[in-house]
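All figures in this text were calculated on a predicted structure; none of them were measured in a lab.
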Amino acid sequence: MWARAAIGIVLCLVGGVFFGQGIGVIHGSVMTGEAQWAVIGGVMVALGLGLLLWARLLARDSAGP
């Protein structure tokens, strides 16, 4: 379950950078200002948050009563 959390964190961080570049907040890349990268980044953040939630639920279930 720690692997899911680690992958979720990486997806959130990279997705946040992609989103920032896509909307033009982070400059210095060919991705800057391209809407498709904002969409891709948003999807990556959503997937990362889903993995973090899944890892959290698995950790709670395996802890027992």
Side-chain hydrophobic cluster, 4.5 Å single linkage: members besides Leu57: Leu53
Only distances under 3.5 Å count here; give the side-chain donor-acceptor pairs of residues 9-29 to other protein atoms, sequence neighbours excluded, each with its distance to 0.1 Å.
{"residue": "His27", "atom": "NE2", "partner": "Gly24", "partner atom": "O", "Å": "3.2"}
{"residue": "Ser29", "atom": "OG", "partner": "Met31", "partner atom": "N", "Å": "3.1"}

Acceptor/donor pairs from residues 34-44 side chains to any protein atom, 3.5 angstrom cut, sequence neighbours excluded:
none

Pairwise distance CG(Leu47) to CG(Leu52) - rounded to 0.5 angstrom: 11.0 Å
